[in-house]
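Below, all heavy atoms of this structure are taken into account, side chains as well, without hydrogens, waters or symmetry copies. Atoms within each ligand, like the ligands themselves, are counted from 1 in listed order.
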Amino acid sequence: MSQPSPAPVNTTEATPVQLRRWSRRAFAAWAAGGLAGLAGWRWLRTRSTDDGLPWPLRAAHRWNERVFGSPARLAAEFPRDRAGEPKANGQIGRPDAGSAVLPIRVEQPGKPVRHFTAAEIVAGLPRVEMTTELKCVEGWSQVVTWGGVSFADFVRRLGTDAERHPYVSLETADGDYYVGFEMASALHPQTLLCDRMNGEPLSLAHGAPLRLVSVVKYGIKNIKWLGRVRFADERPTDFWAEQGYDWYAGL
Ligand SMILES: Nc1nc2c(c(=O)[nH]1)N[C@H]1C(S)=C(S)[C@@H](COP(=O)(O)O)O[C@H]1N2
Ligand SMILES: [Mo]
């Protein structure tokens, strides 16, 4: 076998004097950058707050939301053989096994409350399957194959123009876990109500009988054990936003 040819030699090698000069210059730049960063940080910390964040950060979030968070984009999908089981993470609002068949409350301003079992919600709607990446703010992610129906199809079948409300709150039956969605993200084609995971019925640990999966949001918004869907005109509270996470938690 032939040996790989050696990498071309750099013919303009630096002399020790040049090296010293470069490193001194690099140090000065680094120090200046650090001081500017520190001053910038102090300045940031002393700005007035907007929705719990210094306004320049909030403005940056809003800009990100507008430019990159446009929910019209589709997130990457993966080959099915890349899928695996995510760790059964948060357990807040997990019902006892027996109460998992309780109907899901659907509320809309000015309309009577309706109840549907998970089976009724998925019945008759087109089945959707997608293999996408679940991303947790803790720093792990996992490709998973989800099966269910699109949230947008569910909303349209309600037939009460629920999609005209700017927000929707999704909650567990006991109200212990709750997430807020702006309507555009809720209606995104990759926001699903799921009853299957990796080709099998969703297990209780992962949110049976019905959970939300949205690829435009971090895992914290992917609520398990859905018990209540509440359309809203005001931005709903959100469990993790109350702990200091960004309300949008967008990807
Ligand atoms: N009801 C409820 N839903 C929840 C949570 C929770 O604690 N309670 N944790 C969230 C978080 S932080 C993540 S990362 C995902 C994890 O989903 P998994 O347990 O199916 O991997 O569920 C989300 N949905
Ligand atoms: Mo998470």
Side-chain angles (χ1 to χ4, degrees), residues 69 75-78 80 82-107 115-118 121-122 128-151 154 167-182 185-186 188 190-230 232 236-251:
E77 301 208 12
F78 300 83
R80 274 195 67 139
R82 286 274 309 276
E85 182 166 351
K87 92 174 188 203
N89 210 32
Q91 300 291 306
I92 306 164
R94 176 175 169 155
D96 302 332
S99 59
V101 291
L102 286 179
I104 295 162
R105 273 173 84 87
V106 177
E107 292 165 55
H115 291 90
F116 305 96
T117 62
I121 286 179
V122 301
V128 180
E129 193 174 83
M130 67 180 189
T131 302
T132 51
E133 199 170 17
L134 174 68
K135 295 179 189 165
C136 176
V137 292
E138 291 166 353
W140 56 269
S141 64
Q142 174 65 53
V143 173
V144 182
T145 299
W146 300 106
V149 300
S150 104
F151 189 79
F154 157 71
Y167 299 104
V168 59
S169 171
L170 303 150
E171 304 165 24
T172 54
D174 60 9
D176 285 357
Y177 200 82
Y178 39 95
V179 299
F181 270 72
E182 74 285 4
S185 291
H188 185 278
Q190 290 164 307
T191 296
L192 309 184
L193 291 168
C194 292
D195 58 359
R196 294 181 72 78
M197 191 181 100
N198 295 333
E200 306 203 353
L202 190 66
S203 66
L204 184 64
H206 290 293
L210 203 60
R211 74 173 295 169
L212 190 87
V213 170
S214 175
V215 297
V216 294
K217 302 289 184 188
Y218 274 101
I220 46 178
K221 295 277 194 186
N222 289 221
I223 185 172
K224 302 187 279 191
W225 313 295
L226 190 62
R228 186 178 181 202
V229 177
R230 190 171 55 80
T237 53
D238 179 279
F239 183 88
W240 286 108
E242 286 178 340
Q243 309 300 313
Y245 286 86
D246 182 52
W247 188 88
Y248 287 97
L251 280 169

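Applying the salt bridge (charged side-chain N to carboxylate O under 4.0 Å, His left out) test to pairs two or more places apart or on separate chains, those with a residue in residues 190-206 are Arg127-Asp195. The salt bridge (charged side-chain N to carboxylate O under 4.0 Å, His left out) contacts involving residues 236-245 comprise Lys221-Asp238, where partners must be two or more places apart or lie in separate chains.
A distance limit of 4.0 angstrom between heavy atoms and ligand 1 selects the residues Pro86, Lys87, Ala88, Asn89, Gly90, Gln91, Ile92, Leu134, Cys136, Trp140, Thr172, Tyr177, His206, Arg211, Gly219, Ile220, Asn222, Ile223, Lys224, Trp225.
The shortest side-chain heavy-atom distance between Trp146 and Met197 falls under the 4.5 Å cut-off. Side-chain contact between Cys136 and Asn89 is present, with heavy atoms from C-beta onward closer than 4.5 Å. In this structure, Trp247 and Pro236 have side chains that are in contact, with non-hydrogen atoms separated by less than 4.5 Å.
For Arg105, the side chain to side chain contact (heavy atoms under 4.5 Å, CB included) partners at least two apart in sequence or on another chain are Glu107, Val113, His115, Arg228.
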